[in-house]
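Reckoned from all heavy atoms, side chains included, excluding hydrogens, waters and symmetry mates.
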Amino acid sequence: MRYQNDITFNFTIMEKKEYQFNGTVLNGFLMLFVNLAVLVLAIYLIVCSIILLNDSNGAQGGWLLGGSILLLVVNIILWCGFLMLEPNEARVTTWFGEYSGTFTKTGFYWINPFYTTKKVSLRARNLDAEPIKVNDKVGNPVMIGLVLVWKLKDTYKALFEIDSQTMAATPNSIGSDTKGLMNALENFVKVQSDAALRQVAGQYAYDDVDDKSDELTLRDGGDEINQQLEQKLNERLTLAGIEVVEARINYLAYAPEIAAVMLRRQQASAIITAREKIVEGAVSMVKMALDKLSNEEIVELDDDKKAAMVSNLLVVLCGDDSAQPVVNTGTLNH
């Protein structure tokens with residue numbers, strides 16, 4: 001029991017989550033004014049030191065020149081601490097490789113320039129995945145595609161739990177803008193969405209084989225299939241700190257190699273269903289006609305004449321083409 005508790009405790013300590021940046025943050029406009037003042041002061045001191053050097057006061061001029069150059073270098077470093085964030089953007093900060101929190105305040109600010117920051121987008125993004133070929137539960141190849149709405153929820157996991165740096169087409173651009181990182185995450189989402197789609201599609205048949213089963217199918221599953229797909233995607237994308245807002249199957253069809261055969265099967269099934277309806281209605285109409293003739297005593301029919309009448313009515317009611325009537329001008333005995 002103690003061993004299990006130790007494992008749980010160690011796992012909790014090792015698991016790091018996103019938290020807010022708690023370092024020194026100053027107003028960007030205030031620091032802009034201060035930096036400009038320091039820059040003007042450094043330039044003024046450099047000019048003064050040059051004047052002193054020209055007046056043969058070399059020692060004092062040299063010290064002043066060195067101090068002014070140092071002040072100018074510090075001023076240049078301070079310029080690197082400015083950052084600006086728009087709504088639904090964030091900066092992931094690190095202090096010489098150690099995660100220091102995520103900065104999410106919207107506006108213009110200044111932080112310690114020795115923090116390394118990487119900009120990420122927290123806005124919702126779409127993924128319209130191209131249809132892929134998968135095998136359904138009964139082994140039929142089908143083409144299936146999905147549309148996915150996702151957004152970044154945990155910036156720590158997005159940058160440090162998966163290798164988003166090398167997945168980007170241009171890894172060096174990740175620190176300077178959001179495009180490299182978000183493209184890398186989009187590739188990760190695409191691969192995982194294909195895997196989740198194959199997993200869900202393999203659990204269900206495309207359609208009922210006998211049209212009488214109550215088993216859930218891809219064609220009729222609707223919202224229930226989409227919910228399962230969204231659940232599988234969330235399980236796979238949580239590792240990267242990504243939240244699935246919505247996932248839906250937007251394309252479903254048989255693969256081209258069996259599409260023609262399955263179309264004929266569907267057509268045959270539809271024809272059989274229609275024929276069953278027609279026969280059911282025809283039998284009902286024949287029964288009604290026989291009962292009406294008998295109840296109103298219009299004519300007496302023996303079993304042979306009833307059989308002939310039933311046969312003729314069924315041919316007329318169930319036939320595809322219009323019946324050509326033959327008028328009997330004689331008696332019923334002929």
*Are Y115 and F21 close enough that their ring centers fall under 6.0 Å?*
yes
*Test item: V189 and I242 side chains (from C-beta on) under 4.5 Å apart, heavy atoms*: yes
*Any salt bridge between E18 and K157, counting N to O under 4.0 Å?*
no
*Take R236 and Q231 through the side chain to side chain donor-acceptor pair (under 3.5 Å) test and state the conclusion after the steps.*
CA-CA 9 Å; R236 291 174 174 273; Q231 179 184 354; over 6 Å; no
*Would you call the rings of F29 and F108 parallel, tilted or perpendicular, where under 30° means parallel and over 60° means perpendicular?*
perpendicular
*Tell me, please, which residues at least two apart from T102 pass side-chain hydrogen bond (donor to acceptor under 3.5 Å, both in side chains).*
Y99, T155
*asked:* Between S100 and W95 (side chain of the first, backbone of the second, donor and acceptor by atom type, cut-off under 3.5 Å), is there such a pair?
replied: yes
*Taking everything shown except F114 itself, do over 12 heavy atoms lie less than 6.0 Å from its CZ?*
no
*asked:* Check whether T93 reaches the backbone of G101 with its side chain - one donor and one acceptor, N or O, closer than 3.5 Å.
replied: yes
_I'd like to know if the side chain of T104 pairs up with that of Q20 as donor and acceptor (distance under 3.5 Å, no hydrogens or angles considered)._
yes
*Would you call R123-E86 a salt bridge at under 4.0 Å N-O?*
yes
*So, R198 and D194, do they make that salt bridge, N to O below 4.0 Å?*
no
*Go through the side-chain N and O atoms of Y204 and E224 and say whether any donor and acceptor fall under 3.5 Å apart.*
no
_Electrostatic pair E246:R248 at N-O distance under 4.0 angstrom_ = yes
